[in-house]
J.: 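Below: one structure in structure tokens.
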Amino acid sequence: MGIEQSERAGGMMSRRERLRVETSREIKTIALRQMAEGGPGAISLRGIAREMGMTARAIYSYFPTRDDLITALISEIAASLADALESASNAVPNTDPGGRLMAWGRALREWALAHPESFRLFYGHPVPGYQPPEDGPVDQTARRVCRELTRLVAASWPHARRHQPEDTSWSDLHPDYAAKIQEDLPDVPPAAAALALRVWGRMHGLVALEIDGHIHPVAGNPAALHRAEMLDLVRSLGLS
């Protein structure tokens with residue numbers, strides 16, 4: 001048995017496999033830098049190949065099209081974000097729904113500040129010409145984020161319902177969104193699903209403004225501003 005076969009049989013990656021992983025990672029890193037310098041439309045496989053000293057044919061063996069590269073990038077980004085959000089909220093007991101929401105909001109901001117280009121790629125303007133695969137890994141991970149936040153908001157519903165409109169129905173929501181929530185969380189009422197959207201808007205809004213450079217000129221302490229917004233959010237749900 002050869003060395004590569006031995007490594008693979010023992011659960012280890014071969015040298016060739018490690019090189020492929022490292023090259024894929026470098027391609028993604030350069031793509032994010034291209035986007036930072038020239039916007040989402042600047043991502044170019046040929047440009048990456050030139051920078052890495054590869055032929056176009058060689059780089060296409062990693063990502064056959066630019067869309068494949070962008071899908072891989074966004075999928076990886078979305079999974080990283082989902083892991084960070086869930087890890088933060090799961091560190092808080094289920095008996096503290098307000099604390100779990102605070103942890104989720106704080107983790108969103110911290111992740112975005114640590115990965116600003118990734119945040120822009122996932123939540124910013126669409127990449128010109130990019131066609132994501134329908135119900136592919138990007139959609140699946142975005143659905144995961146949505147499902148877990150809705151679950152957190154639903155846990156607050158016994159406290160929050162008296163502060164919310166009573167006439168919300170599933171027809172008030174986009175049919176695709178309503179169908180996914182009803183499939184994933186069948187016990188959640190439509191008013192709670194609508195509330196989850198508003199909670200997400202408040203959590204996401206200040207973070208997006210900060211990442212795009214709009215908060216620093218007007219706020220001396222963006223972290224304190226964001227925490228105040230999260231505390232007000234939790235109070236508005238009757239959780240404090």
Side-chain angles (χ1 to χ4, degrees), residues 13 17 20-36 38-49 52 54 56-90 104 107-108 111-112 114-153 170 173-186 188 193 196-197 199-201 203-204 207-208 211:
M13 286 194 298
E17 289 167 336
R20 186 170 184 85
V21 168
E22 291 167 3
T23 302
S24 295
R25 185 181 300 118
E26 185 177 358
I27 291 169
K28 294 172 188 174
T29 299
I30 295 173
L32 285 175
R33 190 170 70 244
Q34 286 180 334
M35 190 187 74
I43 296 176
S44 163
L45 281 172
R46 289 185 176 274
I48 294 170
M52 295 179 65
M54 299 173 67
R57 186 174 185 177
I59 202 167
Y60 291 146
S61 70
Y62 288 86
F63 299 101
T65 69
R66 188 195 66 148
D67 279 8
D68 291 321
L69 170 57
I70 294 171
T71 296
L73 266 176
I74 299 178
S75 299
E76 193 173 284
I77 287 166
S80 170
L81 173 59
D83 288 345
L85 296 174
E86 291 174 16
S87 177
S89 62
N90 288 339
W104 181 282
L108 172 65
W111 185 92
H115 309 89
E117 299 310 327
S118 296
F119 182 86
R120 291 190 185 101
L121 183 58
F122 191 40
Y123 287 119
H125 297 295
V127 179
Y130 172 60
Q131 295 294 326
E134 187 174 350
D135 201 29
V138 176
D139 286 345
Q140 290 295 326
T141 312
R143 181 172 178 174
R144 173 185 163 193
V145 172
C146 177
R147 179 179 61 244
E148 293 308 312
L149 179 59
T150 303
R151 197 191 307 275
L152 290 179
V153 173
W170 288 116
L173 303 171
H174 191 284
D176 290 345
Y177 172 71
K180 289 173 182 176
I181 294 299
Q182 289 174 298
E183 179 183 347
D184 293 342
L185 303 168
V188 172
L197 288 177
V199 167
W200 178 244
M203 286 184 170
H204 182 273
V207 173
I211 292 300

J.: For a 4.5 angstrom cut-off between non-hydrogen side-chain atoms, does Leu197 reach Tyr177?
T.: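 Of all side-chain heavy-atom pairs linking Tyr177 with Leu197, at least one is under 4.5 Å.
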J.: Report the relative orientation of the aromatic rings in His204 and Phe119; use parallel for angles under 30°, tilted for 30 to 60°, perpendicular for over 60°.
T.: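 Parallel, since the angle between the ring planes stays under 30°.
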J.: Between Thr141 and Ile74, is any pair of side-chain heavy atoms under 4.5 Å apart?
T.: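 They are not in side-chain contact.
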J.: In Å, rounded to the nearest 0.5 Å, how long is the span from CE of Met35 to CD1 of Ile70?
T.: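 Going from CE on Met35 over to CD1 on Ile70, the span is 9.5 Å.
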J.: Please list, chain by chain and in numerical order, all residues satisfying ring-ring contact (aromatic ring centres under 6.0 Å, His included) with Tyr130, sequence neighbours excluded.
T.: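 Partners of Tyr130 by the ring-ring contact (aromatic ring centres under 6.0 Å, His included) criterion come out as none, since no residue qualifies.
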J.: With rounding to the nearest 0.5 Å, note down the distance linking CZ in Arg144 to CG in Asp139.
T.: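 So the gap between those two atoms works out to 14.5 Å.
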J.: Applying side-chain hydrogen bond (donor to acceptor under 3.5 Å, both in side chains), name anything that partners Glu134, two or more places apart in sequence or on another chain.
T.: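 Result, side-chain hydrogen bond (donor to acceptor under 3.5 Å, both in side chains) vs Glu134: none returned.
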J.: Are Val188 and Gln182 side-chain neighbours, meaning at least one heavy-atom pair lies under 4.5 Å?
T.: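 Not touching, per the 4.5 Å side-chain cut-off.
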J.: Mind checking what makes side chain to side chain contact (heavy atoms under 4.5 Å, CB included) contact with Gln131, not counting sequence neighbours?
T.: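 With neighbours one apart ignored, the set is Asp67.
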J.: Once rounded to the nearest 0.5 Å, what's the spacing between atom CG of Asp68 and atom CG of Leu45?
T.: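 The distance works out to 8.5 Å.
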J.: Closest heavy-atom contact between Ala31 and Ile43?
T.: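 Smallest heavy-atom distance, with atoms named: O-CG1, 3.6 Å.
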J.: Not counting sequence neighbours, which residues clear side-chain hydrogen bond (donor to acceptor under 3.5 Å, both in side chains) with Arg147? List them please.
T.: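 side-chain hydrogen bond (donor to acceptor under 3.5 Å, both in side chains) list for Arg147, sorted by chain: empty.
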J.: Locate the shortest heavy-atom distance separating Ala112 from Val207; write the atom from each residue and the value.
T.: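 Closest approach of Ala112 to Val207, heavy atoms only: CB-CG1, 3.5 Å.
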J.: I'd like to check the ring-ring contact (aromatic ring centres under 6.0 Å, His included) partners of Trp111; sequence neighbours left out, ordered by chain and number.
T.: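 Residues passing ring-ring contact (aromatic ring centres under 6.0 Å, His included) with Trp111: His115.
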J.: Residues two or more places apart in sequence or in another chain: which of them pass salt bridge (Lys or Arg N to Asp or Glu O under 4.0 Å) with Glu183?
T.: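 Only Arg143 meet the salt bridge (Lys or Arg N to Asp or Glu O under 4.0 Å) criterion with Glu183.
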J.: Just jot down the side-chain hydrogen bond (donor to acceptor under 3.5 Å, both in side chains) partners of Arg151, sequence neighbours excluded, or say none.
T.: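 side-chain hydrogen bond (donor to acceptor under 3.5 Å, both in side chains) check on Arg151 returns Glu148.
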J.: Do the side chains of Cys146 and Ile181 get nearer than 4.5 Å, heavy atoms only?
T.: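 Yes. Closest side-chain heavy atoms under 4.5 Å.
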J.: Going by the rule salt bridge (Lys or Arg N to Asp or Glu O under 4.0 Å), which residues pair with Arg46 if we only count those two or more places apart in sequence or in a different chain?
T.: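 Salt bridge (Lys or Arg N to Asp or Glu O under 4.0 Å) check on Arg46 returns nothing, list empty.
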J.: Kindly write out the residues that satisfy side chain to side chain contact (heavy atoms under 4.5 Å, CB included) with Ala114, not counting sequence neighbours, or none if the list is empty.
T.: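 Scan of Ala114 (side chain to side chain contact (heavy atoms under 4.5 Å, CB included), adjacent residues dropped) gives none.
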J.: With Ala179, which residues qualify under side chain to side chain contact (heavy atoms under 4.5 Å, CB included), at least two apart?
T.: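 Counting only residues at least two positions away or on another chain, Ala179 forms no side chain to side chain contact (heavy atoms under 4.5 Å, CB included).
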J.: Going by the rule side chain to side chain contact (heavy atoms under 4.5 Å, CB included), which residues pair with Glu26 if we only count those two or more places apart in sequence or in a different chain?
T.: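 Glu26 satisfies side chain to side chain contact (heavy atoms under 4.5 Å, CB included) with Ile30, Met52 only.
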J.: Consider side chain to side chain contact (heavy atoms under 4.5 Å, CB included). Of Val153, Leu149, Val199, which one does Trp104 pass it with?
T.: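 Filter result, single survivor: Leu149.
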J.: Lys180: what forms a side-chain hydrogen bond (donor to acceptor under 3.5 Å, both in side chains) with it, not counting sequence neighbours?
T.: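 With neighbours one apart ignored, the set is empty.
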J.: Tell me whether Tyr123 contacts the main-chain N or O of Ser118 through its side chain, where contact means a donor paired with an acceptor under 3.5 Å.
T.: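 No; zero donor-acceptor contacts below 3.5 Å.
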